[in-house]
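Down below is the structure, laid out as structure tokens.
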Amino acid sequence: MCLDMTLEALRYLGAGRGAPEELRQSVERAAQELSGQVKSRYVYRIFSLEPEQEGFSLPQAGLLLTGQTARTMLTGCAQAALLCCTLGARFDALLRACQVRDMAQAVILDACGSALVEEGCDAAQEEMVQLLPGKFLTDRFSPGYGDLPLPLQQGLCAALDASRRLGVHVTRQYLLNPGKTVTAVVGISGKPQPARVRGCAFCSMRERCTLYKGGKTCGV
């Protein structure tokens, strides 16, 4: 797991597989230490999905998923899972302490945290696959990706009771607290689903990515 986290963290840092050995070793050490101190936690619920003129609704959750992203991702799906995964307040505390001591190391730790919470999301989807034999999942996509409205965070977290179950709260700006928290929608279909959420347009790191600013891509 640490190897995968290291590679993912390097990608978040804009380095990838061609990273200098010194940076790679620093990230690997940070990933190992973080794995020993923080674990991801997640909750998800599966809801029926109904097509609407504006997009797709989840009547049981009281949510409407509007926009082209939802239409692209969920066409052909009869259900969808809502997911929330977090590293909790423990990671935020570790990051703040590291920022006081060593900002360069804090950047590495932040990237490792992003990789770790994504691993938690992957684990949740793997669990869904085991619980839903004969079903196929879409890529996960999150409020703020593509044109899925960011304010959806509030209703999504409410539908999952994420505040009570995970200690996750949504700010007035619709950001998630603790900081290393991910929410997502995953379509569920009776047919295999192609990978659709790929590329810079859907990446949460786009605005901070040095590769993107330089007109390049990490290839994911």
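- A search for salt bridge (Lys or Arg N to Asp or Glu O under 4.0 Å) contacts involving D102 returns nothing, not counting sequence neighbours.
- Nearest heavy atoms, M73 versus T138: O-CG2, 3.3 Å.
- For S40, the side-chain hydrogen bond (donor to acceptor under 3.5 Å, both in side chains) criterion is met by no residue, not counting sequence neighbours.
- Closest of all the heavy-atom pairs between A80 and I188 is C-CD1, 4.2 Å.
- Under the 3.5 Å distance criterion, with hydrogens and angles disregarded, a donor-acceptor pair is assigned to the side chains of Q25 and E21.
- Shown here are the salt bridge (Lys or Arg N to Asp or Glu O under 4.0 Å) partners of R164, two or more places apart in sequence or in another chain: D161.
- Counting all heavy atoms, side chain and backbone alike, A111 lies closest to Y12 at O-CD1, 3.8 Å.
- The one candidate from D92, T181, N177 that meets the side-chain hydrogen bond (donor to acceptor under 3.5 Å, both in side chains) condition with T86 is T181.
- L156 and L83 get closest at one heavy-atom pair: CD2-O, 3.9 Å.
- Both V186 and L131 are assigned to one and the same hydrophobic cluster, defined by single-linkage of ILVMFWY side chains at heavy-atom distances under 4.5 Å.
- P143 approaches T183 most closely through the heavy-atom pair CD-OG1, 3.5 Å.
- The CZ atom of F56 lies 12.0 Å from the OG1 atom of T66; values are rounded to the nearest 0.5 Å.
- L109 contributes atom CG, which lies 11.0 Å from atom CE of M103 (distance to the nearest 0.5 angstrom).
- Open room surrounds OH on Y174; 12 or fewer heavy atoms of other groups in view lie less than 6.0 Å from it.
- When atom types are taken as modelled, the side chain of R101 and the backbone of A106 share no donor-acceptor pair closer than 3.5 angstrom.
- No continuous path of hydrophobic side-chain contacts links L160 to M128 [ILVMFWY only; heavy atoms under 4.5 Å].
- Contact record, G113 with L34: N-CD2, 3.7 Å, taken as the closest heavy-atom pair.
- Side-chain contact of S57 with E52: a donor-acceptor pair under 3.5 Å is present, judged by distance alone.
- Note that CG of D110 is 12.0 Å distant from CG of L94, once rounded to the nearest 0.5 Å.
- Under the 4.5 Å side-chain criterion, counting only non-hydrogen atoms from C-beta, L176 is in contact with C157.
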